[in-house]
Each structure stands twice: as C-alpha cells, then as structure tokens.
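What follows is a short report on a single structure.
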Amino acid sequence: MAIPRQLPNAITVARIPLAVVFFVLLLLGGTYGLAEPGLRWAAAIIFIVGISTDWVDGYLARKYDIVSDFGKLWDPIADKLLTGAGFIGLAILDEVSWWIVAIILVREWGITVHRLMVASEHVVAAAWMGKIKTAFQGVALGWALLPLHVLIGLEAWTLVTFILMIIVLLLTVASGIDYIVAQVRGSRQKRA
C-alpha cells in the first residue's frame, strides 16, 4: 500500500499548531488542573497524541523510503515547539522549576539555531541520543501533564515529576554535549 509522499511532513507540520492549542489549554486548566480539570485532561491528551506523531512520521518516512531534508530539519523543530510549550507551561503554572526549564530550553533552542544556520550546507538529522532524550521528555511531560495527583496524592505525584524532570535535564545536557562533539568531529574531518 502506497502512502502520499508528503504524509510524514504533513504530520510533522501539524504538530506546530497543535503545540499552540495544547499550550492554551494547559494554561486555562490552571495549576494541577484545579481551575478546569477537563482542560488539563484535554491538554495532556493533545500533548500525548502530538508527541506520539513524532514516532509515526519517522516510521512512515523510513518504511516507505520517503525521508526528506524537510522532515530531517522540521521534525526536531516541531518536537521542540511541543515539548517547549509543555516545559514553559508547567513552569508558568509553578509545577516545574524555572531553572530546569531554562537549562533544557537553552540546549534545545541552541541546537535548533545551529541546525538552521548550517541547513544551507547540510541537514543535521537527530542522533540516537537526541531521539532517546526526546522520547524521555515525552514520557516525563506526559506524566507531569496528566492530573494523576488525584489518584496517587499530590506529594507522590510531585516527587515522581521532579525525579523525571531531573532525568530529562541530565539526558538533555548529555545529548547536547554529544551533538556538539559530533559537530566538532565532523567539522575537523571536513577540513582534513
């Protein structure tokens, strides 16, 4: 069965407006979803569906051999918009510390800016460590967004969220270092 060549890219692009809708619903739901629990659930579900499409578009592109430079460039950007909206929203709601969010966002957008700067020379696809980081960010944010504190208690939920965010922070920094090392190595090989 053939699929349209642009389907993976269309899925990638769809994550961009989805990030905006998700962000608005998250903020309207209020801290821990106490203001509007339904909106918090909706935001969490939109995020989980949106971040899951990251796997879907990549799978389709590889399976049907329709990987494109557009997808290699815009897929990580769409991911960063969605996860960035989650991190910033949770920080605004005072559910995740700003210092954690700041370090994560500096790494995320620093790498993205670099990718955009070198895009005319070559497209830098996400490395395996970056993919693991993105997957773990999705899991951690999914947990933090779901108002599961009503089931397990706010203290336990907050502790698990904090631990997950520290793991995400470490993976994000490690994958950033891995990216920089790979770029420096590639640059040296190019000159040699």
Side-chain angles (χ1 to χ4, degrees), residues 1-23 42-88 104-146 164 167-192:
M1 177 180 139
I3 65 163
R5 287 196 61 73
Q6 294 304 317
L7 182 60
N9 291 341
I11 293 170
T12 294
V13 170
R15 277 201 303 278
I16 295 169
L18 202 61
V20 175
V21 172
F22 153 68
F23 185 71
I45 291 167
I46 287 172
F47 175 83
I48 291 167
V49 168
I51 203 69
S52 297
T53 66
D54 178 39
W55 179 84
V56 173
D57 61 15
Y59 171 78
L60 291 173
R62 285 185 299 277
K63 178 174 171 117
Y64 294 100
D65 196 26
I66 50 178
V67 174
S68 67
D69 283 348
F70 178 90
K72 287 181 193 173
L73 179 65
W74 281 95
D75 183 68
I77 291 172
D79 293 342
K80 285 170 181 51
L81 287 171
L82 189 58
T83 57
F87 286 122
I88 291 170
I104 290 170
L105 292 181
V106 164
R107 179 271 186 221
E108 295 292 274
W109 288 102
I111 301 286
T112 299
V113 167
H114 178 264
R115 275 195 172 112
L116 291 171
M117 287 172 54
V118 300
S120 62
E121 299 168 25
H122 66 283
V123 174
V124 182
W128 68 272
M129 197 169 193
K131 291 179 182 187
I132 290 170
K133 176 265 313 172
T134 300
F136 207 88
Q137 283 181 350
V139 169
L141 282 167
W143 167 271
L145 292 165
L146 289 168
L164 289 173
I167 294 169
V168 163
L169 176 66
L170 295 173
L171 284 172
T172 302
V173 170
S175 67
I177 292 168
D178 179 63
Y179 177 90
I180 292 167
V181 168
Q183 292 305 303
V184 169
R185 215 178 272 142
S187 179
R188 283 183 185 157
Q189 288 173 350
K190 203 175 187 182
R191 277 187 259 136

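Everything numeric here is computed off the predicted structure, so don't read it as measured data. Side-chain atoms are counted along with the backbone in the values below, which use heavy atoms only and exclude waters and symmetry mates.
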How long is the straight-line distance from [atom2] of [Y] back to [atom1] of [X], given to the nearest 0.5 Å?
| X | Y | atom1 | atom2 | value |
| --- | --- | --- | --- | --- |
| Leu105 | Thr83 | CG | OG1 | 8.0 Å |
| Ser52 | Asp57 | OG | CG | 11.0 Å |
| Lys131 | Asp79 | NZ | CG | 10.5 Å |
| Asp178 | Gln183 | CG | CD | 10.0 Å |
| Leu164 | Leu141 | CG | CG | 9.5 Å |
| Gln137 | Ile104 | CD | CD1 | 6.0 Å |

inquiry  = Please check if the number of heavy atoms outside Trp143 that lie under 6.0 Å from its CH2 is greater than 12.
reply    =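 Enclosed: over 12 neighbouring heavy atoms sit under 6.0 Å from CH2 of Trp143.
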Compare every heavy atom of [Y] with every heavy atom of [X], then report the nearest pair and how far apart it is.
| X | Y | answer |
| --- | --- | --- |
| Pro76 | Gly71 | CD-O, 4.0 Å |
| Thr53 | Gly50 | OG1-O, 2.5 Å |
| Lys80 | Thr112 | CD-OG1, 2.7 Å |
| Ala78 | Ile16 | CB-CG1, 4.2 Å |

Please examine the side chains of [Y] and [X], heavy atoms only from C-beta on, and report whether any two atoms are closer than 4.5 Å.
| X | Y | value |
| --- | --- | --- |
| Leu60 | Ile11 | yes |
| Pro8 | Thr12 | no |
| Phe87 | Val168 | yes |

message = Test side-chain hydrogen bond (donor to acceptor under 3.5 Å, both in side chains) on Ser68 and Asn9; report intermediate values, then the result.
response = CA-CA 8 Å; Ser68 67; Asn9 291 341; 3.3 Å; yes
inquiry  = Is there a side-chain contact (heavy atoms from CB on, under 4.5 Å) between Asp54 and Leu82? Walk through the geometry before answering.
reply    = CA-CA 10 Å; Asp54 178 39; Leu82 189 58; over 6 Å; no
key: Among Leu81, Ile77, Ile51, Asp75, the one residue meeting side-chain contact (heavy atoms from CB on, under 4.5 Å) with Arg15   = Asp75
request  = On the 0 to 90° scale, with breaks at 30° and 60°, tag the Phe47-Phe22 ring pair as parallel, tilted or perpendicular.
outcome  =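 Phe47 and Phe22: tilted rings.
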message = Between Glu108 and Thr172, is the side-chain hydrogen bond (donor to acceptor under 3.5 Å, both in side chains) condition met? List the steps.
response = CA-CA 8 Å; Glu108 295 292 274; Thr172 302; 5.0 Å; no
